Amino acid sequence: MSKSPDLSIEEIKDAIYGHSNIIGKDIIFFDTIESTNAYAMKLADMGYPEGTVIIADAQTSGKGRLGRKWLSPSGKNLYMSIILKPEIPPKDASILTLMSAVACVFAIKQISYINASIKWPNDIIASNKKIGGILTEIKADMDRIFHAVVGIGININLDIDNMPDELKTHATSIKMEQRNKSAEEQKGVDFSRTIVTAEIIKELDRWYNIFIKSGKKTIIKEWLDLSSTIGRMVRVTVGANTFTGIAEAIDEDGMLILKFSDNTTKKISAGDVTILR
Ligand code: BT5
């Protein structure tokens, strides 16, 4: 792939060899695809095995939650989807999102000075801006998941000039954050997407194995340690409704427990959080 020398699937395979036993057994690469998640769901329907990874240099219809768009220019970022087949009920699918967020934060901290954290439910945050997002999709019946696809978008070398105006105040990248942190790197040094991607795959594999062996409690405990949401005053938007209160905890299914000023609480399964203070 000549146009992105910093993203080499062969080098990713070499780097994860011996470090990853489920995720990345097969890695399928596209220069451009509509959405790695949409494609991974198709492959999973066709019977592709757990651990199959789809990576693209660019997406033409990168997806966020609720039909939102994910900015996915070429040569800059990571767009990756992973097929998983955990033996869990559909209500536990959100744990896969929490688990992936934990893995991404560990990986970012491993390769940079960035103090990344997690904003419930699916945002990876640095300096209060979104550096990455996770989209988990499942195919399931009432009792079990047939397969899940975890989609991960991480802004690696995205610059402010590459962003539309509406994202400029909300989004950041590993390169932009590292530039803020390190005086020697004021000019901004591009990160190798190969290294970032390999580290994320290794961490995902580590945390997925922990999830399979130890269950969701271990994931939630780690998630709480890395979260920048819990204990804060937040506004949560759920469809047309907005709730304001303290983000007190997440429950064993990953639902956010919001505590209001009258001490009543409400559990929220999905929504958009704005941290107020
Ligand atoms: C997410 O949705 O954060 C999930 C993003 C998942 C993207 C990956 S890329 C690989 C895989 N294939 C896909 O098609 N998707 C996954 P949500 O919480 O709904 O956030 C979406 C919102 O984030 C948008 O409405 C924008 O405001 C903002 N946004 C869009 N692109 C962004 C970017 N590159 N960086 C930061 N924020 C962005």
Side-chain angles (χ1 to χ4, degrees), residues 7 23 27-44 52-84 93-94 96-98 100-101 103-105 108 114 116-138 148-177 193 196-197 200-201 204 229 234 236-239 254 256 268-275:
L7 180 58
I23 296 171
I27 303 181
I28 302 169
F29 176 79
F30 292 88
D31 275 326
T32 302
I33 197 169
E34 281 188 14
S35 152
T36 56
N37 256 43
Y39 192 76
M41 284 299 274
K42 274 189 212 152
L43 293 188
T52 304
V53 172
I54 318 296
I55 296 175
D57 178 50
Q59 298 183 116
T60 52
S61 302
K63 298 195 287 183
R65 293 175 301 151
L66 305 167
R68 294 176 193 141
K69 299 225 171 315
W70 187 255
L71 177 72
S72 308
S74 86
K76 296 285 173 192
N77 301 326
L78 169 64
Y79 318 112
M80 170 165 80
S81 299
I82 303 108
I83 297 175
L84 296 175
S94 58
L96 298 174
T97 302
L98 305 186
S100 305
C104 288
V105 168
I108 290 172
I114 298 166
S117 66
I118 309 169
K119 190 173 78 155
W120 186 87
N122 69 322
D123 287 354
I124 315 295
I125 297 291
S127 310
N128 289 323
K129 293 180 179 170
K130 189 155 168 164
I131 202 165
I134 293 160
L135 175 66
T136 302
E137 298 184 275
I138 58 169
V149 165
V150 171
I152 297 177
I154 301 285
N155 297 332
I156 299 178
N157 295 320
L158 196 69
D159 279 303
I160 197 116
D161 310 340
N162 312 128
M163 295 178 192
D165 285 346
E166 68 272 17
L167 282 188
K168 286 189 164 105
T169 51
H170 298 304
T172 188
S173 67
I174 294 181
K175 179 181 173 183
M176 285 166 69
E177 290 303 307
R193 286 184 293 164
V196 180
T197 307
I200 291 177
I201 292 176
L204 273 172
T229 310
V234 296
V236 189
T237 307
V238 185
L256 182 69
I268 299 176
S269 62
D272 287 295
V273 168
T274 307
I275 294 176

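Atoms within each ligand, like the ligands themselves, are counted from 1 in listed order. Keep in mind that what you see is a predicted model, and the values were worked out from it rather than measured.
- The heavy atom nearest to atom 7 (C) of ligand 1, considering only H170, M163, K63, is found in K63.
- Counting protein heavy atoms only, atom 8 (C) of ligand 1 is closest to G153 N, 3.6 Å.
- Under the rule for a salt bridge (charged side-chain N to carboxylate O under 4.0 Å, His left out), K129 has no partner lying at least two apart in sequence or in another chain.
- Taking every heavy atom of G62 and a limit of under 4.0 angstrom, the matching atoms of ligand 1 come to 14 (O).
- Ranked by closest heavy atom to atom 1 (C) of ligand 1, the top entry among T60, L135, N122 is N122.
- With a 4.0 Å heavy-atom cut-off, ligand 1 is reached by no atom of S72.
- Contact between N37 and L135 at its shortest, heavy atoms only, is ND2-O, 3.2 Å.
- Considering backbone and side-chain atoms alike, N77 places every N or O at 3.5 Å or more from each N or O of ligand 1.
- Per-residue contacts place T36 under 4.0 angstrom from the following atoms of ligand 1 (heavy atoms of the residue considered): 10 (C), 11 (C), 12 (N).
- At a heavy-atom distance under 4.0 Å, only backbone atoms of I134 (N, CA, C or O) approach ligand 1.
- With K130, R65, K69, M80 as candidates, the residue nearest to atom 24 (C) of ligand 1 on a non-hydrogen basis is K69.
- Using a 4.5 Å heavy-atom threshold, the side chains of I268 and W120 count as touching.
- Atom 38 (C) of ligand 1 has its closest protein heavy atom at W70 CZ3, 3.4 Å.
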Please step through side-chain contact (heavy atoms from CB on, under 4.5 Å) for the pair T36 and Q59, ending with a clear verdict. CA-CA 7 Å; T36 56; Q59 298 183 116; 3.3 Å; yes
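- Atom 36 (C) of ligand 1 has its nearest heavy-atom neighbour, among S35, A270, A171, in A171.
- Scanning the protein heavy atoms around atom 21 (C) of ligand 1, the nearest turns out to be R68 CD, 3.9 Å.
- Nearest non-hydrogen protein atom to atom 35 (N) of ligand 1 is N155 ND2, 2.8 Å.
- Taking distance alone, with nitrogen or oxygen atoms compared against 3.5 Å, L71 approaches ligand 1 more closely than that limit.
- In plain terms, the two heavy atoms of I124 and A116 that are nearest each other are CG2-CB, 4.4 Å.
- Looking at L167 against ligand 1, only its side chain comes within 4.0 Å, counting heavy atoms.
- Atom CG of L78 sits about 8.0 Å away from atom SG of C104, to the nearest 0.5 Å.
- There is no side-chain donor-acceptor pair under 3.5 Å between T237 and D272.
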Show your reasoning for whether side-chain contact (heavy atoms from CB on, under 4.5 Å) applies to M176 and L158. CA-CA 8 Å; M176 285 166 69; L158 196 69; 5.5 Å; no
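- Closest of all the heavy-atom pairs between S72 and G62 is OG-CA, 3.9 Å.
- If you check which protein heavy atom lies closest to atom 9 (S) of ligand 1, you get Q59 NE2, 3.4 Å.
- Among the candidates N157, D57, N77, the single residue satisfying the side chain to side chain donor-acceptor pair (under 3.5 Å) test with R193 is D57.
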